[in-house]
Amino acid sequence: MFSFLKYCLYLFLILAACLAVYLYIHSASDKSVEELSQRWAQEPSQFVNIAGMNIHLRDEGPKNDPDPIVLIHGTSASLHTWDGWVEVLKEDRRVIRFDLPGFGLTGPDPKNNYTIEHYADVVVAVLDQLNVKKCLLAGNSLGGHVAWATAVLHSDRVSSLVLVDASGYPFKPESVPLAFRLSQNPITSVLLKNVLPKSLVAQSVKNVYGNPDLVSDELVDRYYDLSLREGNRGALQARFKQLSPGRLVDRMTTINVPTLIIWGGMDRLIPPEWGKQFNQDIANSQLIVFDELGHVPHEEDPQSTVLAVKRFLEDIKSAPILQVPTG
């Protein structure tokens, strides 16, 4: 018996030593905005003081556009996720994108507020700062939730919507990125404050792509670096606690602006059935499914998906869809 206990003790010590070495190797300290900006805030990036934060944003294309396009990223992403779309859209439209509070270079909200209502208020604050009275709002995942919530809460500021694998409904995912699962666990979330293996980030990004082979080293670098922005890891945990699916869903049917719904047929985080649900609940909407793409179709295949947006914009311009009365 004594030998067995001795063996178990040795085994425990070996495992503990291995864990300590692993944690040491993958230790990852916070990075300052100044350090990260050298790579991720090149022109035309700017930092604007809005809602008590230095919000990282880019404002491109003709400034006289009466109906700018505003792009909103998802959880753990950044304004860079829209690079492919912006290259096409900015030729003849004003395109605004920014890092949401808690993500990218904007960093944590000073009041630690990550409710969907607050995110919608931040969108309006950005519009006010840039003197935009009304816009087309487009968002992916969490950004899609923010977009349609803004249309519900501030309908006078939204002319049309593009929802890309949007969240908002209570749903059961088929697969959740490992980094998201660990961030919601009370034990592992503590470890992630000081430890973040890049392989974990790579695995999580690949999880949301239909074709994981398209995930490049530079893409992983971007997600990894911006996750290390001071305060972002703590903000991610707060966002999961405060922002639960289901908020404002009962008001979804009040949305009456032209809406394009884009979905990746291989989305395992928010399965395509929820795209159909959005299409059903928003009367003035159309749904396009890209069978081979995952949860971030705008990033995975910007060329194909932005063409759908261009067609949508032409449809609005040439034959506006009749508004559904809300009274």
Side-chain angles (χ1 to χ4, degrees), residues 40 71-85 97 99-100 102-104 138-147 162-185 188 192 196-228 232-233 235-237 239-240 243 245 261-278 287-306 308-309:
W40 305 115
L71 305 172
I72 310 175
H73 66 79
T75 298
S76 294
S78 64
L79 59 76
H80 307 86
T81 191
W82 301 105
D83 283 350
W85 277 24
R97 47 184 167 147
D99 289 343
L100 287 171
F103 304 108
N140 167 243
S141 197
L142 166 63
H145 192 177
V146 174
V162 177
L163 305 179
V164 184
D165 295 69
S167 64
Y169 292 103
F171 66 95
K172 183 177 181 180
E174 295 176 8
S175 178
V176 179
L178 182 57
F180 287 8
R181 297 202 302 271
L182 295 178
S183 294
Q184 296 176 72
N185 183 287
T188 54
L192 288 178
L196 187 62
K198 185 176 284 190
S199 59
L200 170 64
V201 175
Q203 180 183 348
S204 297
V205 177
K206 290 179 179 180
N207 185 267
V208 296
Y209 267 59
N211 181 2
D213 292 339
L214 295 177
V215 176
S216 65
D217 291 341
E218 182 177 8
L219 187 65
V220 173
D221 284 348
R222 188 183 80 212
Y223 277 95
Y224 178 75
D225 277 356
L226 296 178
S227 294
L228 298 179
N232 276 0
R233 282 179 278 186
L236 179 61
Q237 296 169 40
R239 169 259 185 268
F240 280 124
L243 207 167
I261 302 161
I262 291 175
W263 223 269
M266 298 183 69
D267 188 346
R268 297 186 298 153
L269 179 58
I270 308 180
E273 65 191 83
W274 295 106
K276 297 176 182 178
Q277 189 66 53
F278 275 107
L287 170 66
I288 299 177
V289 177
F290 290 85
D291 292 334
E292 302 302 317
L293 303 180
H295 183 63
V296 287
H298 63 291
E299 183 176 280
E300 186 173 0
D301 186 355
Q303 293 81 12
S304 297
T305 52
V306 78
V309 176

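Residue numbers count from 1 along this sequence.
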If we ignore hydrogens and angles and just use 3.5 Å, is the side chain of [X] paired with the main-chain N or O of [Y] as donor and acceptor?
X: S167; Y: S141; value: yes
X: D99; Y: L79; value: yes
X: N140; Y: H295; value: yes

Using 0.5 Å steps for rounding, measure from the [atom1] atom of [X] to the [atom2] atom of [Y].
X: R222; Y: T81; atom1: CZ; atom2: OG1; result: 5.5 Å
X: L293; Y: E299; atom1: CG; atom2: CD; result: 11.5 Å
X: I262; Y: T305; atom1: CD1; atom2: OG1; result: 6.0 Å
X: L214; Y: K206; atom1: CG; atom2: NZ; result: 11.0 Å
X: D165; Y: F290; atom1: CG; atom2: CZ; result: 10.5 Å
X: N207; Y: L269; atom1: CG; atom2: CG; result: 7.5 Å

How far apart are the closest heavy atoms of [X] and [Y], and which atoms are they?
X: E292; Y: M266; answer: O-SD, 3.5 Å
X: G102; Y: N232; answer: O-OD1, 3.2 Å
X: G104; Y: S78; answer: CA-CB, 4.2 Å
X: G294; Y: E300; answer: N-OE1, 2.9 Å
X: P302; Y: G84; answer: CB-CA, 3.6 Å
X: S76; Y: L236; answer: OG-CD1, 3.8 Å

Ring centers of H73, W82 separated by less than 6.0 Å: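 That pair fails the under 6.0 Å test.
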Parallel, tilted or perpendicular: rings of F278 and W263 (30°, 60°):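 Geometry flag for F278 against W263: tilted rings.
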